Amino acid sequence: MEKSWTQTNIYLHFCLFFAMWIAARLCIALIENQIPIGLTTDLMEVAFKTAIMVGLAVIWLNRNRRGLWLGNRKLYQFKLPVVFWLLLALFIGYLGIDMWVKFHGFHFHSNVINSGQFFGSTICAGVTEELLFRGFFMNSLLKHYSFWPANIIQVILFQLSHVPLYLIEGLSLMGWLSNVLTVVPLGLIFGWIFYRSKSLWPSTILHCVWDAGILLFLS
């Protein structure tokens with residue numbers, strides 16, 4: 001009989017992901033140093049993210065079916081509760097105000113496709129990261145913890161997954177602090193809306209909207 005994973009198993013599987021993700025980020029950085037930044041590097045990042053995050057999430061969701069708070073077949077039930085629309089409006093409003101303050105008017109990054117970031121940093125990030133961190137890690141943690149402990153732990157794991165990129169990009173201390181102060185609240189919101197809606201659609205859409213807004217209007 002299949003047994004649900006223990007807490008230790010969940011953390012060990014995160015360590016496996018983290019090691020693979022560090023290796024992937026180093027490979028991406030090495031390749032980007034050899035070829036011009038553009039659509040090719042963008043699609044390469046999509047391929048790495050999809051292979052690692054989606055691949056691991058699908059395998060682990062099927063191996064830990066008895067240890068999930070929400071069954072893997074229910075993850076993508078199309079549920080968009082009222083609170084999702086309120087959050088969506090809040091996100092769009094915040095991004096719009098931030099853009100207006102920063103650029104003193106409407107701003108659009110018209111060369112975004114050639115930036116080497118669009119697909120990998122927006123659509124792909126939202127889909128792959130939500131499946132792995134909310135769909136698998138938080139989903140598994142909720143079998144062992146109540147909501148807030150599970151949400152806090154998953155956001156710590158989510159934040160840690162950004163560390164390889166910070167190190168490779170050589171972010172300053174202020175850059176680290178700025179990113180942490182963005183990623184942690186967003187991760188908590190994504191975890192909460194996943195729990196509230198019992199679906200990955202709301203957090204995935206919000207994640208994609210946020211990342212796309214940052215890249216298109218605030219970069």
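Predicted model, so just to flag it, every value in this text is computed and none were measured.
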[X] side chain vs [Y] backbone, donor-acceptor pair below 3.5 Å:
X    : Y    : answer
H109 : S219 : no
E129 : K49  : no
T128 : M53  : no
R65  : N62  : yes
D42  : F119 : yes
S178 : M174 : no
K102 : L218 : yes

Mind listing the closest non-hydrogen atom pair of [X] and [Y] along with its distance?
X    : Y    : result
R66  : K143 : O-CE, 3.8 Å
T204 : G126 : CG2-O, 3.9 Å
I189 : L87  : CG2-CD1, 4.0 Å
I193 : P202 : CG1-CB, 3.6 Å
G120 : E45  : O-OE2, 4.2 Å
V183 : V155 : O-CG2, 4.3 Å

Can you confirm whether [X] sits close enough to [Y] that some side-chain heavy atom of one is under 4.5 Å from a side-chain heavy atom of the other?
X    : Y    : result
I153 : F137 : no
C124 : T50  : yes
L142 : M138 : yes
L141 : I10  : yes
N64  : S140 : yes
L200 : L70  : no

Report yes or no: do D211 and H207 form a side-chain donor-acceptor pair below 3.5 Å?
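Yes, H207 and D211 have a side-chain donor paired with an acceptor closer than 3.5 Å.
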Any chance the side chains of S203 and E130 put a donor and an acceptor closer than 3.5 Å?
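Result is yes, a qualifying pair exists.
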Determine, using the 4.5 Å side-chain heavy-atom cutoff (strictly less than), whether [X] and [Y] are members of one ILVMFWY cluster.
X    : Y    : answer
V101 : F91  : no
I214 : I97  : no
F48  : V127 : no
L131 : I59  : yes
L173 : L165 : no

Per the ring pair (Phe, Tyr, Trp, His ring centres under 6.0 Å) rule, which among [options] passes with [X]?
X    : options          : result
W201 : F84, F78, F190   : F78
W60  : F136, F14, F133  : F136
W69  : Y145, F194, F147 : F194

Proximity of H13 and W5 rings by center, below 6.0 Å:
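H13 vs W5: aromatic centres under 6.0 Å.
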Would you say the rings of W210 and Y94 are close, in the sense that their centroids are separated by under 6.0 Å?
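Aromatic pair counts; centres sit under 6.0 Å.
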In sequence, state the C-alpha distance, the side-chain angles, and the governing distance for I28 and I168, and then conclude on side chain to side chain contact (heavy atoms under 4.5 Å, CB included).
CA-CA 10 Å; I28 292 171; I168 291 169; over 6 Å; no
Supply the atom-to-atom distance [X] [atom1] to [Y] [atom2], rounded to the nearest 0.5 angstrom.
X    : Y    : atom1 : atom2 : result
I35  : M44  : CD1   : CE    : 5.5 Å
Y166 : N179 : OH    : CG    : 4.0 Å
I52  : L132 : CD1   : CG    : 10.5 Å
Q159 : T182 : CD    : OG1   : 9.5 Å
W148 : Y195 : CH2   : OH    : 11.0 Å
L75  : L61  : CG    : CG    : 6.0 Å

Going through the distances and angles, do V58 and V54 end up as a side chain to side chain contact (heavy atoms under 4.5 Å, CB included)?
CA-CA 6 Å; V58 170; V54 175; 4.1 Å; yes
Please enumerate all residues that pass ring pair (Phe, Tyr, Trp, His ring centres under 6.0 Å) together with H162, with sequence neighbours excluded.
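If we apply the ring pair (Phe, Tyr, Trp, His ring centres under 6.0 Å) test to H162, skipping adjacent residues, the hits are F158.
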Which of these passes side chain to side chain contact (heavy atoms under 4.5 Å, CB included) with Q154: I156, N151, I152?
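Testing each of I156, N151, I152 against Q154, the sole residue satisfying side chain to side chain contact (heavy atoms under 4.5 Å, CB included) is N151.
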Assess whether atom CH2 of W176 is packed by more than 12 heavy atoms of other residues, nucleotides or ligands within 6.0 Å.
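Yes, because the 6.0 Å sphere around CH2 of W176 holds more than 12 heavy atoms from other groups.
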Using the rule given for side chain to side chain contact (heavy atoms under 4.5 Å, CB included), can you reason through L216 versus F108, listing the C-alpha separation, both sets of side-chain angles and the distance that settles it, and then say yes or no?
CA-CA 6 Å; L216 291 171; F108 179 74; 3.8 Å; yes
